[in-house]
Amino acid sequence: MAELPFDLIERIRQEAVENDDIYRQRPEDILDLSRQHYCHVEMLNWAISQLGNLKGARILDVGIGEGFSSVMMALAGAQVTGIEVSGVALARAEKLAKRCGVTLNLQEMPGEDLRFEKNSFDGILCMSAYHHMDQERAASEFDRVLRPTGRLAMMEPLASNPPAWFYRRIGGLFSRAATSRETPLRVRDLKSLRKYFAKVEWRGMYLLSVGLLGMERLQKEPSPWLLRFTQSAFRWSSPLDSALLRIPGLQRIAWKMAIVAER
């Protein structure tokens, strides 16, 4: 990180420390593909599907956390390189990969300083990590390491979703794990991606469903009956959200921004 500005280096270090603390508190038994949250699975399936055929593809997974996305892509036949600023998260991702019988190339590295050659990857996945970064530098690096016909798929929180906006401000009262410098995206923040990518498209995902997830977070450890209820309700609320988000104007108040960029 020697070539990065000092303030960015310090921000990345702070992110690493805070994320290390978050992941140290998470139990080992959740490192199991079958224990992923139903909403997380749906988001991952959507984003991964945007990368096309994964068999033999070279994929860069940016900000992998505990590695669920990387393992899923490796199981589908991809050659996955996963990066994270948190060493604790990477250690957990390695454990998950071993449990699932796959090999990942895991490296401690920020998205703003990718130590790979130009055109190294066929696709890039970035799940809820871009909003933690210097977006201009990260977009430039994504463009540099992605091959000309490759795709970038991202899923990020939207700053303009009213319930999420409110929750972020009172999140300290509930079970919210977040770093201090993260800033959810606004639609205008896509300008950095559009500077480097010829085609950048986005869609809003989840509207009413965010209320179900909020119910879960009212408890530090949601009860089994509550999880069964919210998962069941999600099965009808997610399709309803998709229908509602076709109404002009509602896209901008969705909970998540699903982004696909092409060079």
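- For Asn119 (side chain) and Val145 (main-chain N/O), no donor-acceptor pair under 3.5 Å exists by modelled atom type.
- Placement of Leu245 and Val260 in two distinct hydrophobic clusters is found when ILVMFWY residues are connected by side-chain heavy-atom separations under 4.5 Å, directly or transitively.
- Using a distance-only test at 3.5 Å, with no hydrogens or angles considered, no donor-acceptor pair links the side chain of Gln251 to the main chain of Arg246.
- Looking at Asp134, its side chain never comes within 3.5 Å of a backbone N or O of Glu112 through a donor-acceptor pair.
- Closest of all the heavy-atom pairs between Gln36 and Leu44 is OE1-CD1, 3.4 Å.
- Here Leu8 contributes atom CG and Arg137 contributes atom CZ; the two are 6.0 Å apart, rounded to the nearest 0.5 Å.
- Judged purely by atom type and a 3.5 angstrom limit, Gln50 uses its side chain to pair as donor or acceptor with the backbone of Trp46.
- Ring centroids of Tyr206 and Phe234 are separated by less than 6.0 Å, placing the two rings close together.
- Side-chain N or O atoms of Ser237 include none that pairs as donor or acceptor with a backbone N or O of Leu208 at under 3.5 Å.
- Counted by atom type alone, Tyr196 and Glu141 present zero donor-acceptor pairs between their side chains at under 3.5 Å.
- A salt bridge links Glu28 with Arg92: at least one charged nitrogen is closer than 4.0 Å to a carboxylate oxygen.
- Counting only distance, with no hydrogens or angles, the side chain of Asn45 and the backbone of Glu42 share no donor-acceptor pair below 3.5 Å.
- With rounding to the nearest 0.5 Å, the separation of CD1 in Ile9 from CD in Glu3 is 10.0 Å.
- Leu104 pairs in a side-chain contact (heavy atoms from CB on, under 4.5 Å) with only one of the listed residues (Asp61, Leu90, Val80), which is Val80.
- Here the rule is salt bridge (charged side-chain N to carboxylate O under 4.0 Å, His left out) with Glu66, and of Arg24, Lys95, Arg26 only Arg26 fits it.
- Counting heavy-atom neighbours within 6.0 Å of Tyr38 OH, excluding the residue itself, gives a total above 12.
- Put simply, the side chain of Glu84 gets close to the backbone of Gly65: a donor and an acceptor are under 3.5 Å apart.
- For the atom pair CE of Met205 and CE of Met43, the computed distance is 7.5 Å after rounding to the nearest 0.5 Å.
- Residues Leu51 and Ile124 share a closest heavy-atom pair of CD2-O, 3.7 Å.
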(request) Before giving the answer on side-chain contact (heavy atoms from CB on, under 4.5 Å), spell out for Leu227 and Glu216 the whole-Å C-alpha distance, their side-chain angles and the decisive distance to 0.1 Å. (result) CA-CA 7 Å; Leu227 288 173; Glu216 293 179 9; 3.7 Å; yes

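- Judged purely by atom type and a 3.5 angstrom limit, Arg99 has no side-chain atom pairing as donor or acceptor with the backbone of Leu33.
- A donor-acceptor pair under 3.5 Å is absent between the side-chain atoms of Ser238 and the main chain of Arg235, judged by distance alone.
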(request) Test Met133 against Glu15 for side-chain contact (heavy atoms from CB on, under 4.5 Å), laying out the working first. (result) CA-CA 10 Å; Met133 303 175 190; Glu15 281 278 337; over 6 Å; no

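- Of all the heavy atoms in Trp202 and Met257, the pair that sits closest is CE3-CG, 3.8 Å.
- In the displayed structure, Lys199 atom NZ is contacted under 6.0 Å by at most 12 heavy atoms of other residues, nucleotides or ligands.
- Under a hydrophobic-cluster definition in which Ile, Leu, Val, Met, Phe, Trp and Tyr are linked whenever side-chain heavy atoms come within less than 4.5 Å, directly or via other members, Val41 and Leu212 are assigned to different clusters.
- Val88 and Asp20 make their closest contact through N-OD1, 3.2 Å (heavy atoms, listed as atom of the first residue, atom of the second, distance).
- Ring pair Phe142/Tyr130 is tilted by interplanar angle, where 30° to 60° counts as tilted.
- Contact check on Arg35 versus Asp29 returns a salt bridge, with a Lys/Arg side-chain nitrogen under 4.0 Å from an Asp/Glu carboxylate oxygen.
- Taken together through direct or relayed side-chain contacts under 4.5 Å among Ile, Leu, Val, Met, Phe, Trp and Tyr, Ile259 and Val62 form part of one hydrophobic cluster.
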(message) Please determine whether side-chain contact (heavy atoms from CB on, under 4.5 Å) holds for the pair Arg11 and Gln14, giving the CA-CA distance in whole Å, both sets of side-chain angles, and the decisive distance to 0.1 Å.
(response) CA-CA 5 Å; Arg11 176 176 174 172; Gln14 182 180 0; 5.6 Å; no

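- Ile64 contributes atom CD1, which lies 5.0 Å from atom CG of Leu106 (distance to the nearest 0.5 angstrom).
- Taken from OG in Ser232 to CZ in Arg228, the straight-line distance is 11.0 Å, to the nearest 0.5 Å.
- The pair Asp143-Arg263 meets the salt-bridge criterion, since a charged nitrogen lies less than 4.0 angstrom from a carboxylate oxygen.
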(message) Apply side-chain contact (heavy atoms from CB on, under 4.5 Å) to residues Leu213 and Trp255 and explain how you reach the verdict.
(response) CA-CA 11 Å; Leu213 306 180; Trp255 175 43; 3.1 Å; yes

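- Of the possible donor and acceptor atoms, none in the side chain of Asp122 sits under 3.5 Å from a partner among the backbone N and O of Gly150.
- The two residues Ile48 and Ser69 have their closest heavy-atom pair at CD1-O, 4.2 Å.
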